[in-house]
Amino acid sequence: MAQVTPPPIRLFNTMTMQKELLEPAVPGCVGVYVCGPTVYSYIHIGNARTFTSFDVVVRYLRYRGLKVRYVRNFTDVDDKIIKAAHETGEAPVALASRFVDIFREDAKALHMQEPDVAPKVSDHLPEIIAIIQKLVDKGFAYASHGDVYFSVSADKDYAKLSKRHLDELCVGERVQPGDLKREPLDFALWKAAKPGEPAWESPWGPGRPGWHIECSAMSAKYLGETFDIHGGALDLIFPHHENEIAQSESANGQEFAKYWMHCGFLDLEGAKMSKSLGNVVRLRDALEKVDAEALRFFFISTHYRHPLSFSDKALADAEARMEYFYETLRKVDERIAGKDFGTGALHGEPHRFLAEFESSMDDDFNSAGGMSALSGLFNLMNELTDKPPVKDKPMVGRTLQALREDVRKVSGVLGLFEDDPSAWLLRRRERAVRERGIDVAEVERLLGERTAARAAKDFAAADRVRATLKEKGVEIMDTVGGTSWKVAAAQG
RNA sequence: GGCGCCAUAGCCAAGUGGUAAGGCAAAGGUCUGCAAAACCUUCAUUCCCCGGUUCGAAUCCGGGUGGCGCCUCCA
């Protein structure tokens with residue numbers, strides 16, 4: 001077996017601010033670490049966008065034949081968790097554990113694949129304490145009244161990821177009164193326990209890890225001291241990722257991650273989503289109103305590094321597009337199901353669309369560019385189904401089969417079209433029926449009346465029924481197989 | 001103040017040196033009893049503005065203007 005040529009995937013590296021060819025440390029194998037959620041609440045649609053983006057990255061790397069180890073952690077020890085637990089009266093560990101389960105449900109609902117490893121901070125105290133000890137031993141960290149701090153001045157290339165100047169950073173840094181730190185920029189690796197807080201024993205007394213050290217410890221455990229891709233959203237560049245680099249490279253004396261990928265922000269029609277404004281949209285609330293794949297499609301339609309604006313209109317557009325895709329697939333499946341069209345030539349080079357899709361995705365996971373190829377693919381499916389340009393029916397059938405097969409491949413990468421088309425369409429109609437308060441029995445009765453009128457060639461009566469239904473938001477379609485109906489697009 | 005990002009048709013959105021993908025909307029057409037869906041056609045001599053580099057720039061450089069993010073927890 002010949003050596004497989006590595007796929008020419010290029011990705012934008014925040015460290016160098018350039019697109020680079022992906023060259024894994026171990027050829028053919030890619031280690032990916034994505035900073036996962038702090039489990040103190042429900043995730044919002046911004047979090048969902050980030051995790052969906054990396055879900056697609058990992059799916060694509062695998063599609064391209066790379067062996068991926070995908071690690072996404074749970075931060076289950078944290079100030080915010082302690083605070084939230086205080087409010088609900090739960091034990092912090094219990095609250096965190098509850099939201100880990102909730103996160104898993106949400107991720108599944110959005111068709112995200114499980115990471116290979118989903119480590120929790122609370123399960124990795126020995127590893128965390130070990131790396132802190134290593135930093136203390138090497139002189140990069142110091143203990144202070146039960147806390148341990150990383151000494152930023154000991155790290156000569158601190159801030160290389162965010163490209164900041166230390167003297168400038170000091171200006172904005174708040175220095176707490178009675179601070180235990182030597183320098184304002186130093187950050188906590190270990191925090192001494194306060195009464196009532198979860199605490200673990202350590203060489204510095206009871207306490208808990210600081211925010212950043214967990215990722216250094218857990219990534220090293222599961223991916224090694226140097227690994228390939230480290231991801232997260234833009235806001236993690238500073239200080240979180242910067243501090244991870246400082247810790248890991250100081251402790252291990254080698255490069256931490258080769259490629260840094262950062263996902264752009266999602267806003268609400270230009271407004272920042274924030275708790276103080278009270279406009280945080282939870283993923284699960286969004287999924288009450290919009291189909292999961294439509295939401296994924298909405299995310300995927302814009303490049304992962306670009307800002308994305310969430311709105312009802314954008315969602316409605318995405319859902320309408322998904323309906324087009326699924327209607328097409330339903331027709332195609334009906335046409336080719338269980339049929340054998342033999343072997344032979346295909347019409348119109350159907351595989352060119354998949355090739356186009358791949359070349360877009362190879363270029364920094366440009367899923368938005370890939371949509372163009374997808375449109376071409378579906379367009380050809382419709383053309384072949386409804387108005388075949390060639391008479392050779394077996395050839396048309398074979399071509400449709402080939403196209404359907406390519407849709408399945410794209411589906412595996414994007415996490416779209418994973419449903420049975422008819423089931424998806426019916427589910428969407430049922431949701432619309434509920435939302436619009438449509439009386440299905442009445443619709444069926446009116447349709448019966450209309451069918452009778454049409455049979456009697458009383459088209460005026462038939463058109464009156466059509467108009468009546470239209471007022472109720474129901475659109476009807478006459479086909480060879482009879483009349484079907486759907487809920488018209490919402491007018492607002 | 002520092003470090004960055006963004007600005008492409010009515011809207012969404014690719015394209016980062018070689019002469020503007022795709023989608024939605026709109027208009028016309030095919031099909032239809034009429035529709036819907038689908039398909040076909042049309043729809044940016046031009047990419048926020050002003051300079052510069054180049055045979056050639058939406059793409060590179062300089063300067064503006066307008067949005068935004070991070071610098072404190074944040075996906």
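Throughout, protein chains are lettered first and strands after them, A, B, ... in sequence-line order, and every chain is numbered starting at 1.
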Short side-chain N/O contact to G10(B) OP1/OP2 from Lys313(A), under 4.0 Å:
no

Categorize His240(A) for me: base, sugar-phosphate, or nothing, with a 4.0 angstrom heavy-atom threshold over every strand shown.
nothing

Can a side chain N or O of His306(A) be found less than 4.0 Å away from OP1 or OP2 on A14(B)?
yes

In whole angstroms, the gap separating C1' of U16(B) from CD of Gln18(A) amounts to 12 Å

Close aromatic pair by centroid cut-off 6.0 Å: His241(A) and His212(A):
no

How long is the gap from OH on Tyr33(A) to SG on Cys215(A), to the nearest 0.5 Å?
3.5 Å

Could you measure between the two C1' atoms, the one in U16(B) and the one in C24(B), and give it in whole Å?
26 Å

Partner set under ring pair (Phe, Tyr, Trp, His ring centres under 6.0 Å) for Tyr70(A), not counting sequence neighbours:
none

Ring pair (Phe, Tyr, Trp, His ring centres under 6.0 Å) filter on Tyr42(A), not counting sequence neighbours, yields Phe99(A)

In whole angstrom, what separates Phe353(A)'s CZ from G23(B)'s P?
11 Å

Nearest-Å distance, CZ (Arg321(A)) to C1' (C11(B))?
15 Å

Using whole Å, report how far CG of Leu308(A) lies from C1' of A75(B).
13 Å

Candidates G33(B), A75(B), A13(B) - which lies nearest the side chain of His44(A):
A75(B)

Does the side-chain ring of Phe265(A) lie flat on the base of A75(B), meaning centres under 5.5 Å and planes less than 30 degrees apart?
yes

Dot-bracket pairing map - RNA chain B, Watson-Crick plus G-U, both contacts under 3.5 Å, | cross-strand
((((((((.[[[..)..(...]]].(((((.......))))).....[[[[[..)....]]]]])))))))....

Do Glu356(A) and Ser360(A) meet the criterion of a side-chain donor-acceptor pair at a distance under 3.5 Å?
no

Is the terminal nitrogen or CZ of Lys19(A) (NZ for Lys, CZ for Arg) located under 6.0 angstrom from the six-membered ring centre of Phe12(A) and within 45° of that ring's axis?
no

Plane angle bin for His306(A) and His303(A) - parallel if under 30°, tilted between 30 and 60°, otherwise perpendicular:
tilted

Output, in order, the C-alpha distance, side-chain angles, deciding distance and verdict of side chain to side chain contact (heavy atoms under 4.5 Å, CB included) for Arg282(A) and Ile43(A).
CA-CA 6 Å; Arg282(A) 286 177 180 176; Ile43(A) 60 163; over 6 Å; no

Picking from A13(B), G4(B), A75(B), which would you name as closest to the side chain of Lys163(A)?
G4(B)

Looking at His230(A) versus Phe256(A), is the centre-to-centre ring distance below 6.0 Å?
yes

For Lys80(A) and for Phe459(A), find the nucleotide of RNA chain B with the closest heavy atom, then tell me which residue's nucleotide is more 5'.
Phe459(A)

For atom P, what is the distance between C74(B) and C3(B), given to the nearest Å?
23 Å

For His303(A) and U8(B), give me the distance from atom NE2 to atom P, rounded to whole Å.
17 Å

Whole Å only: how far is the CZ atom of Phe74(A) from the C1' atom of A75(B)?
14 Å

G4(B) and A44(B), which share atom name P, separated by this distance in whole Å
38 Å

Nearest to side-chain heavy atoms of Met17(A), which nucleotide of G22(B), C5(B), C24(B)
C5(B)

Separation of A14(B) atom P from Leu374(A) atom CG, nearest Å, is 15 Å

Applying ring pair (Phe, Tyr, Trp, His ring centres under 6.0 Å), can you list everything that pairs with Phe51(A), at least two apart in sequence or on another chain?
Phe103(A)

For the side chain of Leu236(A), counting heavy atoms from C-beta on, which of C24(B), A21(B), A75(B) is nearest?
A75(B)

Mind checking the P distance from C68(B) to G56(B)? Whole angstroms is fine.
37 Å

Cation-pi between Arg429(A) and Trp424(A): NZ/CZ under 6.0 Å from ring centre and within 45° of the ring axis?
no

Taking the P atom of each, how far is A57(B) from C5(B), in whole Å?
24 Å

Would you call the rings of Phe150(A) and Phe187(A) parallel, tilted or perpendicular if under 30° counts as parallel and over 60° as perpendicular?
parallel

Donor-acceptor pair between Ser411(A) and Arg59(A) side chains, under 3.5 angstrom
no

Phe297(A)/Phe325(A) aromatic ring centres below 6.0 Å:
yes

Looking only at atom P, what distance separates A14(B) and C48(B), rounded to whole Å?
15 Å

Where protein sits on nucleotides 34-43 of chain B, one letter per nucleotide: B base, S sugar-phosphate only, - none, heavy atoms under 4.0 Å
BBBSBBS---

Would you mind reading off the distance between Arg164(A) atom CZ and C71(B) atom P, rounded to a whole angstrom?
7 Å

For atom C1', what is the distance between C39(B) and C31(B), given to the nearest Å?
9 Å

Please list, in numerical order, the residues of residues 360-368 of chain A that have a heavy atom closer than 4.0 Å to any atom of RNA chain B.
Asn366(A), Ala368(A)

Whichever of Glu356(A) and Thr302(A) has its nearest RNA chain B nucleotide further upstream toward 5'
Thr302(A)

Give me the distance, rounded to whole Å, that separates A27(B) from A21(B) when you measure between the P atoms they each carry.
24 Å

What nucleic acid atoms does Leu266(A) come within less than 4.0 Å of, heavy atoms only: base, sugar-phosphate, or nothing?
base

